[in-house]
S.K.: 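Okay, here's the structure, questions in a sec.
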Amino acid sequence: MELEKDGFKKLETYDKNNMGNSNTFETFLNYSYDNYKADSYNLIMWDHGLGALGSISDEHTDDFLDISEMNQALSNSRFNNY
């Protein structure tokens, strides 16, 4: 979704993916990097959270991103070359 002055505009639709999988997170990061060029970036991970275990729980698979999976996705994403 992209916010425009008249509200949100749907950009693309994807099949359901496991949001607790590091590859899904990496794909999201790369999509953001490729499509929204900026001078600087911030990443806010918003979820109920699992404290030191991680975040981003997937309601369809009961999987979640743990800290090592987040690190793997961030390290492998194109942001790592930023």
Side-chain angles (χ1 to χ4, degrees):
M1 303 288 264
E2 187 170 72
L3 181 59
E4 296 183 344
K5 69 178 178 179
D6 296 334
F8 285 101
K9 172 185 164 191
K10 184 184 283 190
L11 299 174
E12 296 184 46
T13 301
Y14 293 91
D15 293 332
K16 288 182 182 176
N17 289 298
N18 180 356
M19 301 309 289
N21 183 295
S22 65
N23 291 326
T24 304
F25 184 39
E26 182 182 338
T27 298
F28 166 75
L29 293 168
N30 288 336
Y31 178 89
S32 301
Y33 184 84
D34 292 342
N35 291 284
Y36 299 97
K37 298 296 183 195
D39 292 333
S40 63
Y41 298 91
N42 290 300
L43 175 64
I44 299 171
M45 305 284 287
W46 188 286
D47 193 357
H48 292 281
L50 299 168
L53 297 177
S55 186
I56 313 301
S57 177
D58 184 84
E59 62 190 42
H60 301 287
T61 65
D62 292 328
D63 193 7
F64 69 93
L65 281 175
D66 65 31
I67 299 295
S68 66
E69 290 172 316
M70 286 184 214
N71 184 54
Q72 178 183 356
L74 289 164
S75 295
N76 293 337
S77 79
R78 289 191 260 292
F79 282 104
N80 196 39
N81 298 324
Y82 172 65

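Along the sequence shown, residues carry numbers from 1.
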S.K.: Just jot down the side-chain contact (heavy atoms from CB on, under 4.5 Å) partners of Leu11, sequence neighbours excluded, or say none.
M.R.: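 Partners of Leu11 under the side-chain contact (heavy atoms from CB on, under 4.5 Å) test: Glu2, Lys9, Tyr31, Tyr36.
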S.K.: Got a sec, which residues hit side chain to side chain donor-acceptor pair (under 3.5 Å) with Asp62, two or more places apart in sequence or on another chain?
M.R.: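 For Asp62 there are no side chain to side chain donor-acceptor pair (under 3.5 Å) partners, ignoring immediate neighbours.
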S.K.: According to a 4.5 Å side-chain heavy-atom criterion applied to Ile, Leu, Val, Met, Phe, Trp and Tyr, with indirect links allowed, do Met70 and Leu43 form part of one hydrophobic cluster?
M.R.: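 Same cluster: Met70 reaches Leu43 through Ile, Leu, Val, Met, Phe, Trp or Tyr contacts under 4.5 Å.
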S.K.: Distance to the ring centre below 6.0 angstrom and angle to the axis at most 45 degrees; does that hold for Lys37 and Tyr33?
M.R.: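 Lys37 over Tyr33 ring: yes.
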S.K.: State whether the number of non-hydrogen atoms from other residues, nucleotides or ligands found under 6.0 Å of Glu4 atom CD is greater than 12.
M.R.: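 For Glu4, atom CD is crowded (more than 12 foreign heavy atoms under 6.0 Å).
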S.K.: Got a list of side-chain donor-acceptor pairs under 3.5 Å for residues 20-27, not counting sequence neighbours?
M.R.:
unit_1, atom_1, unit_2, atom_2, d
Asn21, OD1, Asn23, N, 2.6
Thr24, OG1, Asn18, O, 2.9
Thr27, OG1, Asn23, O, 2.9

S.K.: For Asp6, check salt bridge (charged side-chain N to carboxylate O under 4.0 Å, His left out) against everything at least two apart and list the hits.
M.R.: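 So Asp6 forms no salt bridge (charged side-chain N to carboxylate O under 4.0 Å, His left out) with any residue.
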S.K.: If you take all heavy atoms of Asn30 and Arg78, which pair is closest and at what distance?
M.R.: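 Smallest interatomic distance, heavy atoms only, reads OD1-N, 2.8 Å.
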S.K.: Rounded at 0.5 Å granularity, tell me how far CE in Met19 sits from CG in Asp63.
M.R.: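 Those atoms lie 11.0 Å apart.
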S.K.: Please check if the side chain of Asn17 supplies one atom and the backbone of Asp15 the other of a donor-acceptor pair under 3.5 Å.
M.R.: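 Yes; judged by distance alone, with no hydrogens or angles, the pair exists.
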S.K.: Taking transitive links into account, so neighbours of neighbours count too, which hydrophobic residues share a cluster with Met1 at under 4.5 Å side-chain distance?
M.R.: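 For the cluster that includes Met1, the remaining residues are Leu3, Phe8.
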